[in-house]
Number of protein chains: 2
Amino acid sequence: MNLGPIRSQSLAAQVATTIRNVAAAAGVSVATASRALSGSPAVIESTRRRVVQAAIALDYTPSRLARSLVTGSTGNVGVILPDITNPFYTSFLAGLETALGAQDIGVLIGDSGENPERENRLVRRMSTQVDGLVLASSRLSDEQIVAATSRRPVVLANRMLETRTELPKRLGQVVIDVHPGFTAAAAHLHSLGHRQITYVDGPAQSWSGRQKRIALTLACTRLGLPLRILSTMRADFSAGRTAGRQIAAEAQHDGTTAVMAFNDQVALGVLAGLREGGKRVPDDLSLVGCDDSLEDGLAWPALTTVGSSARALGELAAHKILNPLGHESGRIPTALIVRESTERARSGQGAPVG
Amino acid sequence: MNLGPIRSQSLAAQVATTIRNVAAAAGVSVATASRALSGSPAVIESTRRRVVQAAIALDYTPSRLARSLVTGSTGNVGVILPDITNPFYTSFLAGLETALGAQDIGVLIGDSGENPERENRLVRRMSTQVDGLVLASSRLSDEQIVAATSRRPVVLANRMLETRTELPKRLGQVVIDVHPGFTAAAAHLHSLGHRQITYVDGPAQSWSGRQKRIALTLACTRLGLPLRILSTMRADFSAGRTAGRQIAAEAQHDGTTAVMAFNDQVALGVLAGLREGGKRVPDDLSLVGCDDSLEDGLAWPALTTVGSSARALGELAAHKILNPLGHESGRIPTALIVRESTERARSGQGAPVG
DNA sequence: ATGAAAGCGCTAACAC
DNA sequence: GTGTTAGCGCTTTCAT
């Protein structure tokens, strides 16, 4: 029996099969088809089977757009990162994507390039097609973030609002607690006999950068350890390298015997810069990174680092965005991972090379 | 004058402002509001201004969902990668995202984990909310890819269909042409006096892996250079490290003096493994990576590598998906980048260490 | 247990 | 130049 014109499956621009087709093929109404496919208990087993079979036969895939439009929930979340290329965010994203994917939530991604305007454009652009927004190391102002909150639930990762601002509902915050790791790192270096540390900092505007600076300063002060801070514009390899060269050149004057870095990329750069400046790690200077984003053994000597799990941060952000319950900010702890790049301070400066 | 109930902006779950509100506020019909906002020439300047002002005043953001539903175009593309964490794909993604973002196209991302089933699920899941799909190093079968093509235009990156299959319309292919780079690498090693090369391969199933193997085999054959191939399961640091240890242990028996690696991650692993096996690069063995995904100086010694631009591949994929015109497959060339990890072969084997 | 109908927010004919 | 109407594909009352 021929129920109306069969959709001629020509080779041209396919018209996707809709729930209407499925309903027709199964001989039920659209409503019933919808119920059957979404597993409503209000549909009898025999009809359900027919509907499902029709759906399979027609290779039916429900339109998420239409569904979202009516339900008001999209099944997607948006993530905005400052730099997709940075291993820290890459791991963060992997953790997030895995956790969300397991719940069949899609991920829309945007790279802000550390540019607040671009970040804001991305927020607006995404806001109508996601259920929530995850902003990693956001460079937006507190006000802008609060504003974003009125569109969609927001989870801030690696950043917290100044608490003078009233915390809006629908705002979650997940951060890495750098204190334990940095405190341990300072203590570790101190116990190895180091008496002058140079810290190669990241960009000044970053919230997490400020946290690290504070934690380290505090720890060093308590130990009576003098700390010298070197600023860089971008927290990447080449900035570290430049700093490394500088440190190599100045070490004999300022007495620096240990270097800490904003992150592992910078540390790797410092390593290269020191080497180019004729200094060896850990013989001449000790070196500590941050993030534990490098596979063990990737650096040589293996890098002592303040370990945290960007991946865990991503997973935590995923959970926060899925249930915007409490206001307590999630924290991922840090701990010092001692490997080969730190060693007992040599009394004198080794004979300068090259 | 009060036109109906003003939406009470309570603190509770905001109801987003719709084009209806804007139209009402501007005192025009919804259609006119739509036209005004989308820049239709058929609306007089004065009304346009009123509409736009109302939109701004109400902080109106058009619903992409609704728009997509009616226009049939979503303004999003989906990207599926085997591993978000891998720098190659990370650069690829960055190139893609930049190129698409410039056209105000959003990016939906999925990590297949090199799992064909998961990849297929992602394809289905995304298909109703994107205008096109970019599959990087897809592990799907030719048939599955062709099937995906019937849902949305597809661009294959770093993979080509076996040409026995009829090429579907709406399928683009962009690849990295490894031949020039690998040929140059083999010639380079040969000219340095190396007479036995070991190649540390990646996963056997990968299309791009096959290309590299073919290119290298061909080049070596032409040079009369014997080639030994070591297979690995995953193309990552630790696989390389294992291979490196093995090579260090066997080098004296098989006469290997130069190692080539599937990619830079593997090469870095090989470097570590060789070091652990008491071999030094480039003194004892030369080493060549692939991709140029490491910042220069990140590895030490700096890695000679077959350079290609994953970023450029991403940009090319973006262009392909935006205009699914021709069938010619886009190619990104490769070239050998000589740095410090390759050197003239030593006549004898250096005294084995450790 | 199933169907008919309304409507999510928007654009695109088709009037006027 | 602007308004009216239909409808994208789906879910969800409300009847039956």
Side-chain angles (χ1 to χ4, degrees), chain A residues 7 13-52 54-55 58-76 125 127-131 151, chain B residues 7 13-52 54-55 58-76 124-125 127-131 151-152:
Chain A
R7 302 182 334 96
Q14 309 252 16
V15 175
T17 82
T18 78
I19 201 173
R20 272 247 243 303
N21 306 315
V22 175
V28 297
S29 75
V30 201
T32 303
S34 172
R35 286 191 270 255
L37 293 170
S38 62
S40 156
V43 60
I44 206 166
E45 186 54 27
S46 62
T47 26
R48 147 166 306 121
R49 225 194 304 282
R50 259 187 307 139
V51 173
V52 169
L58 296 176
D59 191 27
Y60 169 70
T61 312
S63 159
R64 289 207 163 243
L65 278 86
R67 189 202 301 255
S68 303
L69 191 56
V70 48
T71 62
S73 142
T74 65
N76 293 325
R125 193 197 188 284
S127 64
T128 63
Q129 44 184 346
V130 299
D131 295 336
R151 303 182 164 280
Chain B
R7 301 183 332 97
Q14 310 253 14
V15 176
T17 82
T18 77
I19 201 173
R20 271 248 243 302
N21 306 314
V22 175
V28 297
S29 77
V30 204
T32 304
S34 173
R35 287 192 269 256
L37 293 170
S38 61
S40 155
V43 59
I44 206 165
E45 186 53 28
S46 63
T47 22
R48 149 165 305 121
R49 227 195 304 281
R50 259 187 308 142
V51 172
V52 169
L58 296 175
D59 192 26
Y60 168 70
T61 312
S63 159
R64 289 206 162 244
L65 269 63
R67 190 204 301 259
S68 303
L69 191 56
V70 47
T71 63
S73 143
T74 65
N76 293 145
R124 289 192 73 104
R125 195 199 185 284
S127 65
T128 62
Q129 43 184 349
V130 298
D131 296 336
R151 304 183 164 278
R152 295 289 160 192

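Since the model is a prediction, treat every value here as computed from it, not as a measurement. Letters go in sequence order (proteins before strands), and every chain restarts at 1. These values consider heavy atoms only, across backbone and side chains, with no hydrogens, waters or symmetry-generated copies.
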- [ ] May I ask you to decide if B/Ala36's main-chain N or O and B/Ser40's side chain share a donor-acceptor pair within less than 3.5 Å?
- [x] no

TODO: Figure out the CZ/P separation between B/Arg49 and D/dG1, and round it to whole Å.
DONE: 16 Å

TODO: Return no unless some side-chain N or O of B/Ser29 is found under 4.0 Å from OP1 or OP2 of D/dG3.
DONE: yes

TODO: Specify the separation, in whole Å, of atom CG of A/Leu37 and atom P of D/dG9.
DONE: 16 Å

Task: Nearest-Å distance for atom pair CG/C1', residues A/Leu65 and C/dC8 - done: 12 Å

Open item on the list: Before you tell me yes or no, could you show the steps for B/Arg152 and B/Ser127 under side chain to side chain donor-acceptor pair (under 3.5 Å), namely the whole-Å CA-CA distance, both residues' side-chain angles and the distance that decides it to 0.1 Å?
Closed with: CA-CA 7 Å; B/Arg152 295 289 160 192; B/Ser127 65; 5.7 Å; no

Task: Nearest-angstrom distance from the residue atom CG of B/Asn21 to P of C/dC8 - done: 11 Å

Open item on the list: One character per nucleotide, please: for nucleotides 11-16 of chain D, 5' to 3', B when the base has a protein heavy atom closer than 4.0 Å, S when only the sugar-phosphate does, - otherwise.
Closed with: BBB---

TODO: For B/Leu69 and for B/Ala33, locate the closest nucleotide of DNA chain D by heavy-atom distance; then report the residue assigned to the nucleotide nearer the 5' terminus.
DONE: B/Ala33

Open item on the list: Testing the basics here: between A/Thr128 and B/Pro62, what is the closest heavy-atom pair and its distance to 0.1 Å?
Closed with: CG2-O, 3.3 Å

TODO: For residues B/Asn21 and B/Thr18, report the shortest heavy-atom separation together with the two atoms involved.
DONE: ND2-N, 2.6 Å

Open item on the list: So which atom in B/Ala33 and which in B/Val28 form the shortest heavy-atom distance, rounded to 0.1 Å?
Closed with: N-CG2, 4.1 Å

Open item on the list: Walk me through whether A/Thr74 and A/Arg64 qualify under side chain to side chain donor-acceptor pair (under 3.5 Å).
Closed with: CA-CA 7 Å; A/Thr74 65; A/Arg64 289 207 163 243; over 6 Å; no

Open item on the list: If I take atom CD in residue A/Glu45 and atom P in nucleotide C/dA1, what distance separates them, rounded to the nearest angstrom?
Closed with: 12 Å

- [ ] Assign B/Thr47 to base, sugar-phosphate, or nothing according to its heavy-atom contacts below 4.0 angstrom with the strands shown.
- [x] sugar-phosphate

